[in-house]
Amino acid sequence: MALTAVKGFNDILPDESGRWQHIEQMARRVFELNGFAEIRVPVLEKTELFSRSIGDATDIVEKEMYTFTDKGENSVTLRPEGTAGVMRAFIEHKLYAADPVAKLYYLGPMFRYERPQKGRYRQFHQIGAEITGVHDPLADAQVLNMLTAFFREIGLTEPTLQINSLGCPECRPAYRTALRNFLDERMALLCDDCKRRSATNPLRTLDCKVPGCVEATAGAPSVLDHLCSSCDDHFSSVRRYLDLSATPYSINARMVRGLDYYTRTTFEMVTGLLGAQSAVAAGGRYDGLISQLGGPAIPGIGFAMGLERVALLLGSQNFSSCPDLFIATMGVGERDVAFRLMDGLLKSGIRVEMDYEGKSLKSQMRRADKLKSRYSVVIGENEVASGRATFKRMADGAQADTALTVAEIRACVMKSEQ
RNA sequence: GUGGCUGUGGUGAAGCGGUCAACACGUGCGACUGUGACUCGCAUAUUCGAGGGUUCGAUACCCUCCAGCCACCCCA
């Protein structure tokens, strides 16, 4: 193997690109229906953007970022997630001045220096959506409904919605203290990681998969019991809206997020089909992020969905299209006629293939079959002389006579389409 | 960053010290006398991830490295 791709960076080959396009098209359709407009931002940003938004002490910032120093001695980073860059653009271009309420979506590659495994790569792709400027839980509910709609539209029933509330800067400290006290009493039962976490980030212990920790934290205090009244109201409203629209969900009070900027509502679309990677999409509210990045005090909520994971769930369904017609020629003498026909048909929107290499008729027909062409037509001396040819339906071999003109062949293809 | 497993052609794989490196699929060409799919024939790895070592001999045994996968951590 002479030269290979960088570890954790994958090629999306022709046999799977159709599936990717399908996913992207469905997402765009659903998001645009909901009033979201695409925003395209760079894949490279100043490192500071991420350390300030995602959080200095998070794993993403501590060990997973692709950070480089460029030739101008600036520290730059390949974006590990999309929200930070979108919010930077929102602030930089003062999008809020014209309208603080913005509904934006983005799609593209993200980069995280992690050990690759199933459903996790160093370059991976996300489609995400954000709503700024709305405090009302209506926005939370719309985002969740939109996410649910996407999975319904694409035909997946598997990922299910889990929601939680992380409270706000008002009520979260009290909860952290309560949780830490609880953990202190059971310190001996916790795994080493959790012992460390109980001091640095006690919420994380709730997410630990070590059986001893699961058991030890079973009776841990719930965030939901410690929400301040406005957070509590907010969360009940989100649930009420979800109920109003009959959106299925479950509450997971132990759900934790990896990014520091989340407040109040957080959620995940989870599946049991992807091994250790259960989250297909995740997001939440980030009421403090925009001001934290130097913008006005505008709230936000959004999510990101992992395309590799969605593609994995879709399996190997085939979304590629096939040629309408294959034109075979008996000899090189007929290729001019065939080429002119192909050109005319292509210009009229019919997908045509023909032989490029002067192969035998048998080889050409085999190729027509392999490409899954719907129809074929053979042009030889007789056809050129008479101006008529046999139009053959490949599926069952049914044949019909046609004139060798763009209009008539086109009519044959269109007619047989019904 | 840590651990486990694996590395044979385009693919799925047999082979476990001496084989023409099996078989299947795929691909290409051809036969069935201007038409694919079925059937049949032929072709398709001087080479077994790379580099060392043991041996008369290594795809097979040992070492090192590299790569992939899965898991941990964490996450989409």
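Each chain gets a letter, A, B and so on, in the order its sequence line appears, and its residues count up from 1.
Taking side-chain N and O atoms only, A:S363 has a distance below 4.0 Å to OP1 or OP2 of B:C29. Side-chain nitrogen and oxygen atoms of A:R366 include at least one within less than 4.0 Å of the OP1 or OP2 phosphate oxygen of B:A37. Put simply, A:K362 has no side-chain N or O that comes within less than 4.0 Å of OP1 or OP2 on B:C32. Within the structure, every side-chain polar atom (N or O) of A:S278 is placed at least 4.0 Å from both OP1 and OP2 of B:C75. Proximity of A:K7 to the phosphate of B:G68: a side-chain N or O atom is located under 4.0 Å from OP1 or OP2. Under 4.0 angstrom from either OP1 or OP2 of B:A76 there lies at least one side-chain N or O belonging to A:R257. The phosphate of B:U35 has neither OP1 nor OP2 within less than 4.0 Å of any side-chain N or O from A:Q364.
Applying the 3.5 Å distance criterion, the base of B:G36 shares no donor-acceptor pair with the side chain of A:K370. For A:R115 and B:C75, a side-chain-to-base donor-acceptor distance below 3.5 Å is absent, hydrogens and geometry of angles not being considered. For B:G68, its base never sits under 3.5 Å from the side chain of A:Q117 at any donor and acceptor pair.
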With side chain to side chain contact (heavy atoms under 4.5 Å, CB included) as the test, would you mind laying out the steps for A:F391 and A:E408 before giving the verdict?
CA-CA 10 Å; A:F391 183 80; A:E408 195 154 329; over 6 Å; no

Criterion side chain to side chain contact (heavy atoms under 4.5 Å, CB included) on A:L259 and A:T83, from CA distance to verdict:
CA-CA 11 Å; A:L259 287 63; A:T83 302; over 6 Å; no

Worked check of side chain to side chain contact (heavy atoms under 4.5 Å, CB included) between A:M330 and A:E381
CA-CA 8 Å; A:M330 289 306 297; A:E381 286 177 23; over 6 Å; no

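If you check every strand for non-hydrogen atoms under 4.0 Å, A:G119 touches a base. As judged by a 4.0 angstrom heavy-atom cut-off over every strand, A:A281 is placed among residues touching the sugar-phosphate backbone only. Among the atoms of the strands shown, base atoms are found under 4.0 Å from some heavy atom of A:Y121. Counting non-hydrogen atoms under 4.0 angstrom, A:V280 reaches the backbone sugars and phosphates but no base. Note on A:L259: only backbone sugar-phosphate atoms sit closer than 4.0 angstrom, heavy atoms only; bases stay farther off. Within the nucleic acid shown, A:T58 has no heavy atom closer than 4.0 Å to any nucleic acid atom. Within the nucleic acid shown, A:E268 has no heavy atom closer than 4.0 Å to any nucleic acid atom. Looking at heavy-atom distances under 4.0 Å, A:R112 makes contact with a base. Residue A:S373 is classed as having no contact, given no heavy-atom separation below 4.0 Å to the nucleic acid. Nucleic acid contact class of A:G128 (heavy atoms, under 4.0 Å, all strands): none. Using a 4.0 Å heavy-atom criterion, one finds that A:A279 contacts the sugar-phosphate atoms exclusively.
With B:A76, B:U35, B:C74 as the candidates, the nucleotide lying closest to the side chain of A:E64 is B:C74. Nearest nucleotide to the side chain of A:R309, out of B:C75, B:G34, B:G68: B:C75. For A:R120, whose side chain is taken as the heavy atoms from C-beta onward, the closest listed nucleotide among B:C75, B:U35, B:C74 is B:C74. In this structure, of B:A76, B:U35, B:G30, it is B:G30 that holds the atom nearest to the side chain of A:S360.
Relative to the six-membered ring of A:F235, A:R264 misses at least one condition, a distance below 6.0 Å or an angle of at most 45° to the axis.
The ring of A:F303 has its center closer than 6.0 angstrom to the ring center of A:F31.
Checked for salt-bridge contact, A:D343 and A:K347 meet the test: a charged N lies under 4.0 Å from a carboxylate O. The existence of a salt bridge linking A:R374 and A:D324 is confirmed by a sub-4.0 Å separation between a basic side-chain nitrogen and an acidic carboxylate oxygen. A salt bridge does not link A:R186 with A:E215: none of the charged nitrogens is closer than 4.0 Å to a carboxylate oxygen. In summary, A:E48 and A:K46 do not engage in a salt bridge, as defined by a charged side-chain N under 4.0 Å from a carboxylate O.
The distance between atom CD1 of A:I327 and atom P of B:U35, rounded to the nearest whole Å, is 19 Å. In this structure, A:L147 atom CG and B:A76 atom C1' are separated by 11 Å, rounded to whole Å. Atom CD of A:Q277 and atom C1' of B:C69 are 13 Å apart (whole Å). Atom C1' of nucleotide B:C72 and atom CZ of A:R204 are separated by 14 Å, given to the nearest angstrom. A straight line from CD of A:E114 to C1' of B:A76 spans 10 Å, rounded to a whole angstrom. If you measure from atom CD of A:E357 to atom C1' of B:C29, you get 13 Å, rounded to the nearest angstrom. The separation between A:K359 atom NZ and B:U27 atom P is 12 Å, rounded to whole Å. Rounded to a whole Å, the CG atom of A:D369 is 5 Å from the C1' atom of B:G36.
Atom name P, nucleotides B:U55 and B:A45: the rounded distance is 34 Å, in whole Å. A gap of 12 Å separates the P atoms of B:G10 and B:U47, to the nearest Å. B:G7 and B:C75 have their C1' atoms separated by 28 Å, given to the nearest Å. Only the C1' atoms considered, B:C29 is 15 Å distant from B:G36, to the nearest whole Å. Rounded to whole Å, the P atom of B:A13 lies 24 Å from the corresponding atom of B:G18. Nucleotides B:U6 and B:G49 are separated by 14 Å at their P atoms, to the nearest Å. A gap of 15 Å separates the P atoms of B:C48 and B:A22, to the nearest Å. Across B:G15 and B:C56, the matching P atoms stand 28 Å from one another, rounded to whole Å.
A 3.5 Å limit on both hydrogen-bonding distances identifies B:U11 as the Watson-Crick or G-U partner of B:A24. Judged by Watson-Crick or G-U wobble contacts below 3.5 Å, the nucleotide B:U46 has no partner. Summarising the base pairing, B:A67 is matched to B:U6 through a Watson-Crick or G-U wobble pair whose two defining distances lie under 3.5 Å. Under the Watson-Crick and G-U wobble criteria, each requiring two contacts below 3.5 Å, nucleotide B:U55 is left unpaired. With both pairing distances under 3.5 Å, B:A60 is matched to nothing as a Watson-Crick or G-U wobble pair. Partner assigned to B:U19 is none, using Watson-Crick or G-U wobble distances below 3.5 angstrom. Look at B:C40: its Watson-Crick or wobble partner, with both distances under 3.5 angstrom, is B:G30. If you check B:C72 for Watson-Crick or wobble pairing at under 3.5 angstrom, you find it paired to B:G1.
Atom CD1 of A:I409 and atom CE of A:M342 lie 12.5 Å apart (nearest 0.5 Å).
Ranked by how close their nearest RNA chain B nucleotide is to the 5' end, A:H125 and A:V6 are led by A:V6. Remark on RNA chain B: of its neighbouring residues A:M305 and A:M365, the 5'-side contact belongs to A:M365, judged by nearest-heavy-atom nucleotide.
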